[in-house]
Amino acid sequence: MFPTVRMRRMRGNENLRRMVRENRLTVDDLIMPLFVCPGEGVKNEISSMPGNYHMSVDVLVEECREIARLGIPGVILFGIPESKDEVGSDTWSENGIIQTAIRALKKDVKDLLIITDVCFCEYTSHGHCGVLKNGSVDNDATLINLAKQAVSHAQAGADMVSPSDMMDGRVGVMREALDGAGFTHVSIMAYSAKYASAFYGPFREAADSTPSEGDRRGYQMDPPNGDEAIREAELDKMEGADIIMVKPALSYLDIIYRIKQEFSMPLAAYNVSGEFAMVKAAAEKGLIDEEKVMMEMLISMKRAGADIILTYFAKDVARLLAERER
Ligand code: PBG
């Protein structure tokens, strides 16, 4: 076809590039993960995740006002409880850290979706995502507690619950429990394809949730597998998930692509702590341009098929996009 067809023609200037651009990252796509802890006036930077903090509820409220002002549609909350126990009972306590945070946010912040991570690893003394029996997580015993946790979050006012435990059958059990308690309007974003990944390292430091013994490979997915992620997504869809999530994002773009092709459902990608920390560390060393790499990473998730991105960069992206519009 050359010389009639010249692909470079449409790349000649920014107006042309804008016109033919196939994917866009917007503030509407973003969810900001936040860590809430007991106390008052607490704002401690998480050393492994620069610019992210352990915040007490009062500080969290301020932070969420700012996030809402930036136009970010939602936040996902992770709790650092006052105390841990064998089963993680803080997760379903009326005065648990998450319940307290939700009530404060619902009272004082307008126009922000409050999503909660539903899991146990930050709340159990052993650091596993459920009830331990003979050294492994008991699936069906954990389901009962997951349902209690989800209903308790809904009672406190959560708009959406997001199970990240990878137990079999959890979405169905949670949907039934929520509906039975009158929370048919509370949606479920399922961590459907959640891999046993080393990219969660900084988060585990942040959430103090490293298992004291063993690892999570008995419940989280094996990184070499792809078809299995399709089956996981299919099950969660059948059990009533409203949004499917793939996690991590960057090393699993093929999974995002495949799930988006296969199911016509809203799809979220979790740009996890390790992906965030790598960019921060490399930028700090002067090895890469942080802003450009951040935007390139996030657009790759959109191009692969993600509708929603959970990212610790959410505020930075929102600010950058707003600046560009001016
Ligand atoms: C809890 C949970 C984890 C993350 C989100 N929810 C950690 C894990 O499974 O060990 C990781 C988030 C991140 O790395 O940013 N189960």
Side-chain angles (χ1 to χ4, degrees), residues 30-36 46-54 74-81 84 87-88 90-91 97-98 115-124 126-132 137 139 142 145-146 149-150 153 160-167 170-171 174 188-223 232 243 245-252 268-281 294 297-298 301 306 308-315:
L30 306 171
I31 296 175
M32 177 77 190
L34 297 170
F35 299 90
V36 55
I46 298 162
S47 61
S48 54
M49 299 167 67
N52 289 267
Y53 300 85
H54 286 154
V75 294
I76 183 165
L77 301 180
F78 296 95
I80 317 294
K84 305 187 185 216
V87 289
D90 192 83
T91 57
I97 183 68
I98 290 293
I115 308 166
T116 59
D117 183 80
V118 174
C119 196
F120 293 101
C121 55
E122 302 123 74
Y123 306 89
T124 50
H126 45 74
H128 277 288
C129 302
V131 180
L132 266 196
V137 176
N139 193 86
T142 302
N145 292 351
L146 280 167
Q149 181 179 169
H153 289 176
M160 187 184 293
V161 292
S162 194
S164 68
D165 53 286
M166 288 304 275
M167 294 305 118
R170 75 240 160 101
V171 174
M174 283 172 57
I188 299 178
M189 173 164 67
Y191 286 74
S192 301
K194 177 173 178 180
Y195 286 87
S197 169
F199 284 100
Y200 309 148
F203 174 96
R204 290 193 185 160
E205 188 192 322
D208 184 25
S209 63
T210 308
S212 52
E213 257 176 72
D215 53 41
R216 300 206 208 296
R217 287 182 297 175
Y219 37 104
Q220 298 181 348
M221 282 185 55
D222 200 17
E232 284 283 8
I243 301 173
M245 193 204 296
V246 174
K247 176 187 174 193
L250 212 50
S251 296
Y252 299 87
Y270 200 141
N271 175 216
V272 300
S273 57
E275 298 169 0
F276 171 83
M278 286 195 308
V279 175
K280 286 284 177 188
M294 165 183 87
M297 259 173 51
L298 297 175
M301 296 164 201
I308 302 162
I309 302 175
L310 295 89
T311 177
Y312 304 96
F313 286 120
K315 281 168 63 188

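Heavy-atom basis, side chains included; hydrogens, waters and symmetry copies ignored. We count ligands from 1, going down the list as the structure has it; atoms in each ligand are counted the same way.
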Go through ligand 1 atom by atom and flag the ones less than 4.0 Å from a non-hydrogen atom of [X].
X	result
K247	2 (C), 3 (C), 4 (C), 5 (C), 6 (N), 11 (C), 12 (C)
K194	1 (C), 2 (C), 3 (C), 6 (N), 8 (C), 9 (O), 16 (N)
F78	5 (C), 6 (N)
Y312	12 (C), 13 (C), 15 (O)

Under 3.5 Å donor-acceptor, [X] side chain and [Y] backbone:
X	Y	result
E275	A249	yes
S162	D117	no
S192	A190	yes
R170	L146	no
K84	E122	yes

Original post:
Taking the six-membered ring for Trp, are F78 and Y270 parallel (under 30°), tilted (30 to 60°) or perpendicular (over 60°)?
Top reply: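 Taking Y270 first and then F78, their aromatic rings sit tilted (interplane angle of 30° to 60°).
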**OP:** Distance to 0.1 Å, residue and atom name: give those for the protein heavy atom nearest to atom 12 (C) of ligand 1.
**Re:**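 The closest heavy atom on the protein side is F203 CD1, 3.4 Å.
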**OP:** Measure the distances from the heavy atoms of Y270 to every atom of ligand 1 and state whether one is below 4.0 angstrom.
**Re:**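 It does; at least one heavy atom falls under 4.0 Å.
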Original post:
Below 4.0 Å from any atom of ligand 1, is there a heavy atom belonging to C121?
Top reply: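 Heavy atoms of C121 do come under 4.0 Å of ligand 1.
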Subject >> N52 vs F276 side-chain heavy atoms within contact, under 4.5 Å >> reply: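 Result yes, sub-4.5 Å side-chain heavy-atom pair found.
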Which one holds for [X] and ligand 1: side chain close, backbone close, both close, or neither close, with close meaning a heavy atom under 4.0 Å?
X	value
S273	both
S164	both
D165	neither

**OP:** Say whether R204, considering both its backbone and side-chain N or O atoms, lies within less than 3.5 Å of an N or O atom on ligand 1.
**Re:**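 There is such a contact, yes.
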**OP:** Check whether the ring centres of F203 and F35 lie less than 6.0 Å apart, and answer yes or no.
**Re:**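 Ring-ring flag for F203/F35: true, centres closer than 6.0 Å.
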